[in-house]
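Quick notes on the structure that follows.
Note on naming: letters A, B, ... go to the chains in the order of the sequence lines (proteins, then strands), and numbering restarts at 1 for each one.
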Amino acid sequence: MPELPEVETIVRQLTPRLSGRRVLRMEVLDPLLGTLETELIEGRLIGGLRRVGKQVGLALVAPRRAVPSHGLSPDRLEREASWLLIHLRMTGRLTWEKDADGPTTPPTRARLRLDRGALLFRDVRRLGTLRVCRNWAEARPAGLDPLAPGLGARRLGQLLGGCPTPIKPWLMRQDRLVGLGNIYASEALFAARIHPARPVGSLTMAEVTRLHRRLRAILRRAIEMGGTSFSTFENALGRPGAYQERLGVYGRAGQPCPRCKTPIVRFVQQQRSTFFCPRCQSEEEGCISRSREMRP
DNA sequence: ATTATATCCTGATCGC
DNA sequence: TGCGATCAGGATATAA
């Protein structure tokens, strides 16, 4: 379940390894991936990597460029590059392999052969996708990145608007904010002490501010810790993250809330598990001051 | 327009 | 011990 911090971890690990490499051949092994415009990729240089929402974006530039190991600047890539977007969905993995010529083993779904080594896309559940875009305008997602410098509490408030949708499913809508999935949506609301079923329009400005601050803090912290390995996530080096040790509510139904010891509750929202603390995250707005008194 | 449901996929887990 | 049913969830398609 790679969400924003997990994808960011992978991008950071792969950037020095892949930047400047020349793509020799794109091998699509799983027919479920469909046909791709490989001519926008093959023969070009990897100008850099970038997280595009929950996707890993490989930026490809003309082969005469000199590319530093940290990649070309973001604005340069936005002007010049074509993009390979890799969506890992649930079980997708990206790893660099030294041997680019040997036989591939399942569940390898695609292999990008480079002038040195190869990038392997493995994915047991085969839900992941590959997409080729000719430019940044095609590749850029509709939703805003929660860690973008321009996304202040005010902007988030405007984005939320007054709709009656429950806040938790709203946070997972990729056409509004990109990068949040089931884990971090629950965690952000717990940290901000907002009930997951609260209508978006009912949030006070104070709550929006709190959500904004907590959300960004959690994502940054999770990136520092290499993401969350809840069940299956592994980074580009085949190692787990560490943020699962800091999860407050996700996957902890029945266990005591780390803040007030009340048992964590699980319920289903839009066919997905939502976890929350019934005491810290009151259904009604206005109980914040009370829960604040509970703090040690 | 918005919201709800079904679908995809496969390994792990559960109940009998 | 074995086997079928259920679950996990990101995104999209279709239905209401």
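Contacts of A/Glu187 classified as side-chain contact (heavy atoms from CB on, under 4.5 Å), with partners at least two apart in sequence or in another chain: A/Ile183, A/Ile218, A/Leu247, A/Val249, A/Tyr250. With sequence neighbours left out, A/Asp30 forms a side chain to side chain donor-acceptor pair (under 3.5 Å) with A/Arg109, A/Arg126. Shown here are the side-chain contact (heavy atoms from CB on, under 4.5 Å) partners of A/Arg76, two or more places apart in sequence or in another chain: A/Arg65, A/Leu72, A/Ser73, A/Arg79, A/Glu80. With sequence neighbours left out, the salt bridge (Lys or Arg N to Asp or Glu O under 4.0 Å) criterion links A/Arg154 to no other residue. A/Arg246 is linked by a salt bridge (Lys or Arg N to Asp or Glu O under 4.0 Å) to nothing, counting only residues two or more places apart in sequence or in another chain. Scanning for side chain to side chain donor-acceptor pair (under 3.5 Å) contacts around A/Arg89 gives an empty result, with sequence neighbours left out.
Between A/Arg134 and A/Glu37 there is a salt bridge, since a side-chain N of the basic residue sits under 4.0 Å from a carboxylate O of the acidic one.
Counting to the nearest Å, the C1' atom of C/dA11 and the CZ atom of A/Arg131 are 12 Å from each other. To the nearest angstrom, C1' of B/dT7 lies 16 Å from CD of A/Gln270. Nucleotide C/dG10 holds its C1' atom 13 Å from the CG atom of A/Asp175, rounded to whole Å. The OH-P distance, from A/Tyr184 to C/dG10, rounds to 12 Å in whole Å. Following rounding to the nearest Å, A/Arg176 (CZ) and B/dA1 (C1') show an atom-to-atom distance of 12 Å. Rounded to whole angstrom, the span from the CZ atom of A/Arg272 across to the C1' atom of B/dT5 amounts to 11 Å. The nearest whole Å value for the distance from the CG atom in A/Asp123 to the P atom in C/dG10 is 14 Å.
Contact of the A/Val52 side chain with the A/Trp136 side chain is registered, since non-hydrogen atoms from C-beta on lie closer than 4.5 Å.
Interface residues of residues 161-173 of chain A facing DNA chain B, ordered by number: A/Pro164, A/Thr165; criterion, heavy-atom separation under 4.0 Å.
For the helix from B/dT2-C/dA16 to B/dC16-C/dG2, the axis fitted to the five pairs at one end and the axis fitted to the five pairs at the other end meet at an angle of 60° (nearest 10 degrees).
Between A/His87 and C/dG10 there is no side-chain N or O to OP1 or OP2 distance below 4.0 Å. Considering only side-chain N and O atoms, A/Gln174 lies under 4.0 angstrom from the phosphate OP1 or OP2 of C/dA11.
Hydrophobic clustering, defined by side-chain heavy atoms of Ile, Leu, Val, Met, Phe, Trp and Tyr closer than 4.5 Å, leaves A/Val124 isolated from every other such residue. As a member of the Ile/Leu/Val/Met/Phe/Trp/Tyr network built from side-chain separations under 4.5 Å, A/Phe267 groups with A/Val265, A/Phe276.
Contacts of A/Arg126 with the nucleic acid, taken as non-hydrogen atoms under 4.0 Å apart, involve only primed sugar atoms and P, OP1 or OP2. Nucleic acid contact for A/Leu32: sugar-phosphate only, since backbone atoms but no base atoms lie under 4.0 Å from a heavy atom of the residue.
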Throw together a table of side-chain donor-acceptor distances under 3.5 angstrom for residues 156-170 of chain A, partners on residues two or more places apart or in other chains.
from	atom 1	to	atom 2	distance (Å)
A/Lys168	NZ	A/Asn182	OD1	2.3
A/Lys168	NZ	A/Ser273	O	3.3
A/Lys168	NZ	A/Thr274	OG1	3.1

I'd like a table of atom pairs between the protein and nucleotides 5-8 of chain C - only N or O on both sides, under 3.5 Å - with the distance next to each one.
from	atom 1	to	atom 2	distance (Å)
C/dA8	OP1	A/Arg266	NH2	2.9
C/dA8	N3	A/Arg125	NH1	3.0

